[in-house]
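Structure below; questions to follow.
Hydrogens, waters and symmetry mates are skipped; everything else that's a heavy atom, side chains included, is used. Order of the sequence lines sets the chain letters (A, B, ...), proteins ahead of strands, with each chain counted from 1.
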Protein chains: 2
Amino acid sequence: MISKRPTMMDVATRVGVSRQLVGLAFRNEAGVSSSTRERIFEAASELGYSPDIAARSLRRRSSNYIGVLFNPAHSSADDIVEALYAAAHERGYNLILGALTATRDERDAITELLGFRTESVILISPETPVNELRKLAKRLPVVSIGRPLPQGVCGAVRSDGQRGIAAAVDHLVELGHRDIAYVLTRSLPEFAARHQGYVTAMDRHGLPSRVREIDGDFTEESGASAAESLLAEPVMPTAVVCSNDHAAMGLINRLLRAGLRVPEDVSVTGYDDSRIARLSFVDLTSVRQDPEEMSTAAVEAAVQMMSDEESAPRERMIVPTLVIRGSTGQPRSEAQLHPR
Amino acid sequence: MISKRPTMMDVATRVGVSRQLVGLAFRNEAGVSSSTRERIFEAASELGYSPDIAARSLRRRSSNYIGVLFNPAHSSADDIVEALYAAAHERGYNLILGALTATRDERDAITELLGFRTESVILISPETPVNELRKLAKRLPVVSIGRPLPQGVCGAVRSDGQRGIAAAVDHLVELGHRDIAYVLTRSLPEFAARHQGYVTAMDRHGLPSRVREIDGDFTEESGASAAESLLAEPVMPTAVVCSNDHAAMGLINRLLRAGLRVPEDVSVTGYDDSRIARLSFVDLTSVRQDPEEMSTAAVEAAVQMMSDEESAPRERMIVPTLVIRGSTGQPRSEAQLHPR
DNA sequence: ACGAAAACCTAGCACGTGCTAGTCTTTAGG
DNA sequence: CCTAAAGACTAGCACGTGCTAGGTTTTCGT
């Protein structure tokens with residue numbers, strides 16, 4: 001029973017027709033009488049037959065599949081993957097996932113996707129060197145999500161980190177904050193724009209002298225140690241903008257332990273609007289990069305590049321939005337001036 | 001360039017050998033001189049060739065792939081998927097993922113996996129009716145992770161919910177708690193064992209009269225409303241055992257807002273040891289179902305059923321462990337008797 | 001230098017399906 | 001009743017690879 005999965009032929013002989021007719025029925029093509037069609041599907045279900053995708057795409061010379069590289073450990077990947085399925089399905093494509101794990105690096109995962117003869121690949125926050133991406137993009141349409149790349153390397157969808165952070169700074173300034181610190185992430189290139197956004201926004205508000213930058217990364221620990229160095233200062237800023245949600249959480253936690261209240265004493269913002277930020281427990285004001293919009297744009301770019309081989313790789317910038325929650329409020333001096 | 005991906009034949013003509021020799025080289029078989037082998041790989045890399053997995057598994061009549069059904073929205077799935085990759089790779093198998101999304105139900109996803117001719121499927125917390133699972137298991141080895149099923153339906157790996165909750169209760173009793181409430185989850189069958197574990201553990205400790213059960217589910221809101229009903233009681237229990245981490249978080253959050261401290265006033269435990277529980281912010285004592293152990297067991301079961309077609313479906317129960325963190329401590333009366 | 005084995009290489013069929021080009025049967029129009 | 005068209009169905013090749021069964025060259029022991 002295990003050794004042999006049924007084929008079209010098995011269904012055909014059971015019904016008493018030719019294999020080709022079964023093929024027509026499964027492809028929903030004309031030329032099969034409705035009674036025969038019914039008998040075919042019935043027999044197929046009895047035998048547990050389903051078409052062999054490998055054989056089909058081999059013969060068709062097109063798989064109808066888009067490969068997706070994602071890292072399940074990265075918190076925002078799930079939302080994007082989910083939205084990609086919907087977006088691809090709407091346009092008649094299927095997805096095949098390539099996961100990044102401790103035992104599989106990007107090269108392995110991409111090679112596997114190519115092995116499946118996907119017609120294009122969508123890479124979520126890839127770290128593959130640019131020249132390799134360029135090489136890859138010569139073979140098939142490639143769309144990168146989230147990573148800033150030089151013009152024309154491949155299709156690209158990313159959100160405007162500069163505007164995202166600027167929105168956070170604007171929000172805080174509007175609340176009355178002036179001493180606004182920033183916890184940056186050094187390790188990844190996509191964070192350069194966010195950093196830039198902080199600096200220019202502070203400038204724009206006439207606060208260049210209040211710029212205060214602290215090193216951090218993607219961990220809660222880094223947020224906690226950022227909190228330490230702020231607490232050690234003579235004057236604690238009234239607000240802290242973080243370049244990601246995890247660092248923001250670590251920071252808040254340390255501040256609370258030090259007896260400060262959020263947002264009464266210090267306002268904090270995150271970035272990503274990850275599931276963590278949405279927890280009622282955390283309730284973190286955060287910059288949202290809409291996963292539906294990113295995914296739709298990525299699939300659109302891939303579809304365009306697949307249908308028109310000569311079209312230039314499409315690049316699209318998504319405008320992030322600030323989701324205001326409970327971790328931001330009026331600064332403490334203001335609160336003292338206008339209590340409640 | 002896009003219309004035609006290179007084949008073995010292209011590589012062969014470029015090197016000046018037969019297609020079969022290229023095949024030997026890529027399968028790492030003997031019979032290819034090392035110099036030729038080198039030239040073949042060089043040409044392949046220049047052309048961007050990688051073997052066509054579809055054609056290969058078609059000819060081999062075995063795909064070497066295990067299908068994995070998972071729900072990216074479910075918090076514990078990521079860890080399991082990651083561990084599955086490692087476990088499968090160690091045993092010479094690859095994984096192909098089938099994601100559950102809003103637009104794809106289990107039937108769709110499983111049908112797709114079958115279309116890829118995976119040699120077996122591992123289903124993470126499937127909700128497919130038992131009779132359909134039984135039918136499926138007749139066609140190929142099926143292993144379910146997490147769901148309680150009647151004996152013999154298919155391979156099964158799950159953790160002992162009864163012992164898991166019992167461990168939480170034991171821990172609290174050891175700390176001195178006697179008034180221990182339980183927030184249950186009604187919606188899913190795998191939670192029946194946990195409920196049972198609570199009742200029997202309370203019994204065993206001679207506390208059947210202290211049993212206090214509150215309805216809940218997988219959401220933070222349900223935890224919050226559970227907190228409400230506890231706060232409305234004349235005597236608040238000193239500890240609350242929750243059947244999942246999300247409910248525990250909602251509960252804690254509401255307690256804190258009501259001015260209670262955790263664990264000084266109330267101890268709380270969760271279940272799943274999800275990433276959320278590990279956040280320094282939350283620091284939740286929780287029952288851990290080791291994903292590595294579950295995954296390894298699942299792959300082992302699948303491999304056994306694949307290699308020995310007649311072997312009975314394997315069923316394995318994993319013993320969960322309690323991870324003690326900061327949300328549990330001595331009960332308030334005890335703490336008053338022995339301060340610090 | 002000879003035979004044999006080892007090393008290196010190739011021909012041809014098969015896997016399950018899609019597609020083109022048909023064949024055979026039924027129906028419709030005069 | 002004849003013809004043509006439409007409907008229902010089928011024969012056979014092709015897709016890219018693996019495998020069996022060979023073929024040819026090189027190497028080695030004596």
Side-chain angles (χ1 to χ4, degrees), chain A residues 3-41 43-44 47-65 94 111-112 114-119 139, chain B residues 3-41 43-44 47-65 94 111-112 114-119 139:
Chain A
S3 46
K4 225 181 174 180
R5 300 269 271 277
T7 75
M8 261 187 188
M9 196 57 209
D10 297 323
V11 178
T13 55
R14 180 166 184 125
V15 177
V17 295
S18 70
R19 178 187 65 74
Q20 290 80 353
L21 196 64
V22 177
L24 287 180
F26 267 93
R27 273 172 281 146
N28 256 325
E29 288 188 23
V32 188
S33 68
S34 58
S35 69
T36 308
R37 191 181 294 266
E38 205 166 302
R39 283 191 301 142
I40 287 175
F41 284 132
L47 291 172
Y49 169 80
S50 64
D52 186 320
I53 296 178
R56 166 178 292 183
S57 66
L58 177 60
R59 175 57 239 241
R60 275 212 201 127
R61 308 188 52 98
S62 85
S63 63
N64 212 35
Y65 271 86
N94 294 312
T111 303
E112 185 185 40
L114 292 180
F116 279 113
R117 295 298 184 262
T118 58
E119 297 179 35
R139 308 203 195 295
Chain B
S3 46
K4 225 181 173 179
R5 301 269 272 277
T7 75
M8 259 188 188
M9 196 57 209
D10 298 322
V11 177
T13 55
R14 178 160 183 130
V15 177
V17 296
S18 70
R19 178 186 65 74
Q20 290 79 353
L21 196 63
V22 177
L24 288 180
F26 267 92
R27 273 173 280 145
N28 258 324
E29 288 188 23
V32 189
S33 69
S34 57
S35 69
T36 308
R37 191 179 294 266
E38 204 165 304
R39 282 191 302 143
I40 287 175
F41 285 131
L47 291 171
Y49 169 80
S50 64
D52 186 319
I53 296 178
R56 165 177 294 181
S57 65
L58 178 59
R59 175 56 238 242
R60 274 210 201 129
R61 308 188 52 99
S62 85
S63 63
N64 214 34
Y65 271 85
N94 294 312
T111 303
E112 185 185 41
L114 292 180
F116 278 114
R117 295 296 184 264
T118 58
E119 297 180 34
R139 309 204 193 295

Legend entry - Residues that A/Ser62 engages under side chain to side chain contact (heavy atoms under 4.5 Å, CB included), provided they are two or more places apart: A/Arg60, A/Glu119
Inset, instruction - Can you sort out the partners of B/Arg117 under side chain to side chain contact (heavy atoms under 4.5 Å, CB included), two or more places apart, ordered by chain and number? - result: A/Arg5, A/Tyr49, A/Ser50, A/Asp52
Inset, instruction - Rounded off to whole Å, could you give me the CG-to-P distance for the A/Leu114 and D/dT17 pair? - result: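 Computing the A/Leu114:CG to D/dT17:P distance gives 13 Å.
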Legend entry - Nucleic acid contacts - residues 11-28 of chain A versus DNA chain C, non-hydrogen atoms under 4.0 Å: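 Of all residues in residues 11-28 of chain A, the ones placing a heavy atom under 4.0 Å from DNA chain C are A/Arg19, A/Gln20, A/Arg27.
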Legend entry - Side chain of A/Glu29 (C-beta onward), nearest among C/dC19, D/dC19, D/dT17: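 Ranking C/dC19, D/dC19, D/dT17 by closest atom to the A/Glu29 side chain puts C/dC19 first.
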Legend entry - Length of the line joining B/Met9:CE and C/dT10:C1', which is rounded to integer Å: 11 Å
Legend entry - Contact summary for B/Asp10 and B/Thr13, nearest pair of heavy atoms: O-OG1, 3.0 Å
Side chains of residues 14-24 of chain A: which donor-acceptor partners sit under 3.5 Å, not counting sequence neighbours?
| unit_1 | atom_1 | unit_2 | atom_2 | d |
| --- | --- | --- | --- | --- |
| A/Arg14 | NE | A/Glu46 | OE1 | 3.1 |
| A/Arg14 | NH2 | A/Glu46 | OE1 | 2.5 |
| A/Ser18 | OG | A/Leu21 | N | 3.3 |

Inset, instruction - Look at the side-chain N and O atoms of A/Ser33 and state whether any lies under 4.0 Å from the OP1 or OP2 oxygen of D/dC9. - result: yes
Inset, instruction - By nearest nucleotide on DNA chain C, pick out whichever of A/Met8 and B/Ser34 is the more 5' one. - result: B/Ser34
Inset, instruction - Select base, sugar-phosphate, or nothing to describe what A/Thr36 touches, counting heavy atoms under 4.0 Å on all strands. - result: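 Answer is sugar-phosphate: A/Thr36 comes under 4.0 Å of backbone atoms only.
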Inset, instruction - Round to a whole Å and report the spacing from CZ of A/Arg5 to C1' of C/dC15. - result: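 Result: 15 Å.
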Inset, instruction - Could you tell me the separation between the CG atom of A/Leu58 and the P atom of D/dA14, rounded to a whole number of Å? - result: 14 Å
Inset, instruction - Can you tell me the distance, in whole Å, between the CG atom of A/Asn64 and the C1' atom of C/dT17? - result: 15 Å
Inset, instruction - Would you please name every residue forming a side chain to side chain contact (heavy atoms under 4.5 Å, CB included) with A/Glu112, sequence neighbours left out? - result: A/Arg104, A/Phe116, B/Ile53, B/Tyr65, B/Asn94
Inset, instruction - Provide, to the nearest angstrom, the distance between the OH atom belonging to A/Tyr49 and the C1' atom belonging to C/dT17. - result: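 My rounded result for the distance is 7 Å.
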Legend entry - Smallest separation among heavy atoms of B/Arg37 and B/Asn28, with atom names: NH1-OD1, 3.6 Å
Legend entry - Partners passing salt bridge (charged side-chain N to carboxylate O under 4.0 Å, His left out) against B/Arg27 (at least two apart in sequence or in another chain): B/Glu29
Inset, instruction - Round to the nearest Å and state the distance from B/Ile53 atom CD1 to D/dC15 atom P. - result: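 Going from B/Ile53 (CD1) to D/dC15 (P), I get 21 Å.
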Inset, instruction - Let me know the distance between CG of A/Leu47 and P of C/dG16, rounded to the nearest Å. - result: 14 Å
